[in-house]
Amino acid sequence: MAIAEPHQPRYQRRGAYIYYLLGERMVIRTRPAQVRDPRTPAQRRQRLRMRVASTFLKGFQRIVSRGFEPQLQENFRRVGAYQLALGHLMRHALRDARGGVTLDTARVQLAQGRPSPLGAVRATVQGGLLRLAWAGALPPKTGGVLLGVWNRGKARALCREATCAPGARGLAVPIPADWQGDTLDVWVVPLDAQGRCRYDSAHGAAEGAAPQAMPCGRLADMPRGRRVVTWVRSANPRRVRVADVYSGRRRE
């Protein structure tokens, strides 16, 4: 007996029928004509968590695209680097605060791999430069580092790639002039000679003149429940488009 494995197309078209894998069976059903979206408190909180996480992570796409390795799950769904970073952030770095959701920046990971050799990262701002120092040394065959900087007060992100020699224990990079005196969160990711990320990101923070808390997404700002009507027509209701299946060995 063969097991059907979907391998093409990569994404579903929006049509009158939906197909998906249920265990080892291919299942097909019609798309509902009307969907009720009650937006319960639990649903609204989850959507708020998604909004806060995606808004923050959007500014660091250049780093997470290299810091996370795309994966193929058991249900044959390919998960990209950004989705993996978003899932990690939502599971580990979101906190409930003041009727809403905020980020615990110390638990944010912009790269995932082996434990970082940098240890604790210290950050200070002097003369328009962000100066970084870390306890450990950069490993051999290091080609540089990726830097992610988050301005808490302005809710803005900065991504940089800097050249660093193996064994280095710090560096300095310029920052925008209007960031002087702001609270900055910093993530450092070592790169190998080929420019690949092999380690977790290491976090540090530079406290500004007046300490700034992370912006908080409020549950009260999320919309209430509603009913959504969807109209999907098929060109020929007697014909059903299904996924291609392959009964042999799966090939990458």
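Heads up: numbering here begins at 1 and tracks the sequence.
Here the closest non-hydrogen pair linking C164 and V145 is SG-CG2, 4.3 Å. Among all heavy-atom pairs drawn from S54 and L86, the shortest one is N-CD1, 3.8 Å. Annotation for G100 and L48: closest pair CA-CD2, 4.1 Å, computed over non-hydrogen atoms. The minimum heavy-atom distance linking P190 with P117 is given by the pair CG-CD, 4.4 Å.
The backbone N or O of A135 sits less than 3.5 Å from a side-chain atom of R169, completing a donor-acceptor pair. Here the side chain of T142 pairs no donor or acceptor atom with the backbone of P166 at under 3.5 angstrom. Put simply, the side chain of Q43 gets close to the backbone of T40: a donor and an acceptor are under 3.5 Å apart. Between the side chain of S65 and the main chain of R62, a donor-acceptor pair closer than 3.5 Å is present. Listed for the S116 side chain is a donor-acceptor partner under 3.5 Å among the backbone atoms of L118.
The shortest distance between side-chain heavy atoms of V188 and L132 falls below 4.5 Å. When side chains are defined from C-beta on, F60 counts as touching C159, because their heavy atoms get closer than 4.5 Å. Side chains of L219 and R44 form a contact here, defined as non-hydrogen atoms less than 4.5 Å apart. Under the 4.5 Å side-chain criterion, counting only non-hydrogen atoms from C-beta, N151 is not in contact with V149. In this structure, I175 and L129 have side chains that are not in contact, with every pair of non-hydrogen atoms separated by 4.5 Å or more. Between E161 and L147, the closest side-chain pair of non-hydrogen atoms is not below 4.5 Å. Two residues are said to be in side-chain contact when any heavy atoms from C-beta on lie closer than 4.5 Å; W179 and L158 meet this criterion. In this structure the side chain of L191 reaches within 4.5 angstrom of the side chain of C197, judged on heavy atoms.
The side chain to side chain donor-acceptor pair (under 3.5 Å) check on H88 picks up nothing, with sequence neighbours excluded. For D178, the side chain to side chain donor-acceptor pair (under 3.5 Å) criterion is met by no residue, not counting sequence neighbours. Evaluation of the salt bridge (charged side-chain N to carboxylate O under 4.0 Å, His left out) rule for R107 yields no partner, not counting sequence neighbours. Qualifying side chain to side chain donor-acceptor pair (under 3.5 Å) partners for Q71, counting only residues two or more places apart in sequence or in other chains: none. Qualifying side chain to side chain donor-acceptor pair (under 3.5 Å) partners for R45, counting only residues two or more places apart in sequence or in other chains: D96.
F68 and V108 fall within the same hydrophobic cluster, where Ile, Leu, Val, Met, Phe, Trp and Tyr residues are linked whenever their side-chain heavy atoms come under 4.5 Å apart, directly or through other members. Hydrophobic clustering, with ILVMFWY side chains joined whenever heavy atoms are under 4.5 angstrom apart, keeps I63 apart from L184. At a threshold of 4.5 Å between side-chain heavy atoms, the hydrophobic network of Ile, Leu, Val, Met, Phe, Trp and Tyr places L110 and L130 in two separate groups.
Taking the charged nitrogens against the carboxylate oxygens, D182 and R152 have no contact shorter than 4.0 Å, which rules out a salt bridge. Salt-bridge check for K141 with D192: failed, with every basic side-chain N at 4.0 Å or more from each acidic carboxylate O.
With rounding to the nearest 0.5 Å, the separation of CG in L146 from OH in Y199 is 14.0 Å. Taken from CD in Q61 to OH in Y82, the straight-line distance is 5.5 Å, to the nearest 0.5 Å.
Checking each of V186, D185, V121 against H203 for a side-chain contact (heavy atoms from CB on, under 4.5 Å) leaves exactly one that passes, namely D185.
Annotation for M50: atom CE does not count as buried by contact number, only 12 or fewer foreign heavy atoms lying within 6.0 Å.
Note on ring orientation: taking the six-membered ring where Trp is involved, the planes of W187 and F56 are perpendicular (angle over 60°, cut-offs 30° and 60°).
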Quiz prompt | R196/E69 under salt bridge (charged side-chain N to carboxylate O under 4.0 Å, His left out): CA gap, chis, key distance, verdict | solution = CA-CA 10 Å; R196 294 171 297 188; E69 187 72 22; over 6 Å; no
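Evaluation of the ring-ring contact (aromatic ring centres under 6.0 Å, His included) test over residues 98-120, restricted to residues two or more places apart or in two chains, returns none.
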